[in-house]
Asker: 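If you scroll down you'll find the structure; I have some questions about it.
Reckoned from all heavy atoms, side chains included, excluding hydrogens, waters and symmetry mates. The structure displayed is predicted, hence computed values, not measured ones.
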Amino acid sequence: QVRLVESGGRVVQAGDSLRLSCAASGRTLNWHAMGWFRQAPGKEREFVAAISQSGGKTDYAESAEGRFTISRDNAKITVYLQLNSLRPEDTAVYYCAARRSTGTTFYTSQSDYTTWGQGTQVIVSS
């Protein structure tokens, strides 16, 4: 079974950029669609971005559109989330998730995913 480990979270200032990484171990991510979710203090976990197994299709939450970019490097079995123009409301624990899939389908619901990482904390100060 694939295991996911997120990294890259830290304390930044509003307007800064950050790149989160999600590395797989135990098995390749080549046959998985991937997603990023986040959970802010006192709130429910929410969808941020998704990418298809092929990498050809992506989708974003409205709050992430135009500022965040999801990408994948299947050779490095890693998925990235580039965060630009960060705002204090982006403060959250960010989780990556995986599910077996092929082609250009992406998934935006938490229930679609079968494997989750432990999360990485992003704090954006004003």
Side-chain angles (χ1 to χ4, degrees):
Q1 183 176 348
V2 66
R3 295 184 299 275
L4 305 175
V5 179
E6 303 95 332
S7 63
R10 59 185 178 90
V11 180
V12 297
Q13 293 190 334
D16 285 353
S17 296
L18 200 59
R19 188 174 79 162
L20 306 182
S21 299
C22 173
S25 63
R27 190 168 290 185
T28 179
L29 286 177
N30 286 354
W31 303 109
H32 293 76
M34 303 294 296
W36 283 96
F37 293 77
R38 69 184 183 185
Q39 186 167 18
K43 295 187 177 181
E44 297 291 319
R45 189 160 58 183
E46 64 179 6
F47 168 73
V48 176
I51 188 165
S52 64
Q53 175 266 334
S54 68
K57 294 290 186 180
T58 58
D59 192 40
Y60 298 90
E62 186 175 338
S63 61
E65 190 76 54
R67 298 189 302 128
F68 297 175
T69 303
I70 188 171
S71 61
R72 65 189 299 157
D73 184 338
N74 284 346
K76 296 182 178 179
I77 53 175
T78 302
V79 176
Y80 303 99
L81 185 67
Q82 177 69 37
L83 312 174
N84 295 330
S85 302
L86 282 162
R87 306 165 181 167
E89 54 263 39
D90 294 319
T91 294
V93 177
Y94 285 73
Y95 299 89
C96 70
R99 64 157 287 153
R100 289 208 35 109
S101 179
T102 58
T104 58
T105 305
F106 55 80
Y107 302 87
T108 62
S109 173
Q110 296 182 56
S111 61
D112 289 326
Y113 291 91
T114 57
T115 303
W116 292 81
Q118 84 292 342
T120 186
Q121 175 77 60
V122 174
I123 297 175
V124 184
S125 63
S126 58

Asker: Should Tyr80 and Val93 be regarded as members of a common hydrophobic cluster, given that ILVMFWY residues are connected when their side-chain heavy atoms come within less than 4.5 Å of each other, either directly or indirectly?
Answerer: no
Asker: Do Arg10 and Leu18 have side chains that approach each other closer than 4.5 Å (heavy atoms only, starting at C-beta)?
Answerer: yes
Asker: Would a single hydrophobic cluster contain both Ile70 and Phe47, if residues Ile, Leu, Val, Met, Phe, Trp and Tyr are joined by side-chain heavy-atom contacts under 4.5 Å?
Answerer: no
Asker: Ignoring hydrogens, what is the shortest heavy-atom contact between Ser21 and Thr78? Give both atom names and the distance.
Answerer: CB-CG2, 4.2 Å
Asker: Main chain of Ser52, side chain of Arg72: is a donor-acceptor contact present, judged purely on distance under 3.5 Å?
Answerer: yes
Asker: Search all heavy atoms of Arg38 against all heavy atoms of Ala92 and return the closest pair with its distance.
Answerer: CB-CB, 3.8 Å
Asker: Determine which pairs satisfy ring-ring contact (aromatic ring centres under 6.0 Å, His included) with at least one residue from residues 99-126, sequence neighbours left out, and list them in order.
Answerer: Phe37-Tyr113, Phe37-Trp116
Asker: Any link between Ile123 and Leu83 through a network of hydrophobic side chains (Ile, Leu, Val, Met, Phe, Trp, Tyr) touching at under 4.5 Å?
Answerer: no
Asker: May I ask whether Met34 and Phe68 are part of the same hydrophobic cluster, defined by side-chain heavy atoms of I, L, V, M, F, W, Y residues being less than 4.5 angstrom apart, directly or through others?
Answerer: yes
Asker: Between atom CZ of Arg67 and atom CG of Asp90, what is the distance when rounded to the nearest 0.5 Å?
Answerer: 4.0 Å
Asker: Let me confirm one number: the CG-OG distance from Asp16 to Ser125, rounded to the nearest 0.5 Å.
Answerer: 8.0 Å
Asker: Atom CG in Asn30, atom CZ in Arg100: separation rounded to 0.5 Å?
Answerer: 10.0 Å
Asker: If I compare all heavy atoms of Gly103 with all of Gln53, which pair ends up nearest, and what's the gap?
Answerer: N-OE1, 2.8 Å
Asker: Please report the closest heavy-atom contact between Ala24 and Val2, naming both atoms and the distance.
Answerer: CB-CG2, 3.7 Å
Asker: For Thr108, enumerate each residue passing the side-chain hydrogen bond (donor to acceptor under 3.5 Å, both in side chains) test, keeping only those at least two apart in sequence or located in another chain.
Answerer: none
Asker: So which atom in Thr104 and which in Ser54 form the shortest heavy-atom distance, rounded to 0.1 Å?
Answerer: CG2-OG, 3.7 Å
Asker: Can you see which heavy atom on Thr91 is nearest to which on Gln121, and at what distance?
Answerer: CG2-NE2, 4.3 Å
Asker: Identify whether Leu81 and Tyr95 are in the same connected component of the hydrophobic contact network (ILVMFWY, side-chain heavy atoms under 4.5 Å).
Answerer: no
Asker: Taking the side chain as everything from C-beta on, heavy atoms only, tell me whether Leu4 gets closer than 4.5 Å to Cys96.
Answerer: yes
Asker: Is Asn84 close to Ser17 at the side-chain level, that is, under 4.5 Å between some pair of heavy atoms?
Answerer: yes
Asker: Rounded to the nearest 0.5 Å, what's the gap from CZ on Arg87 to OG on Ser126? Could you check?
Answerer: 14.0 Å
Asker: For residues Val5 and Gln118, determine if any side-chain heavy atom of one lies less than 4.5 Å from a side-chain heavy atom of the other.
Answerer: yes
Asker: Can you confirm whether Trp36 sits close enough to Glu6 that some side-chain heavy atom of one is under 4.5 Å from a side-chain heavy atom of the other?
Answerer: yes
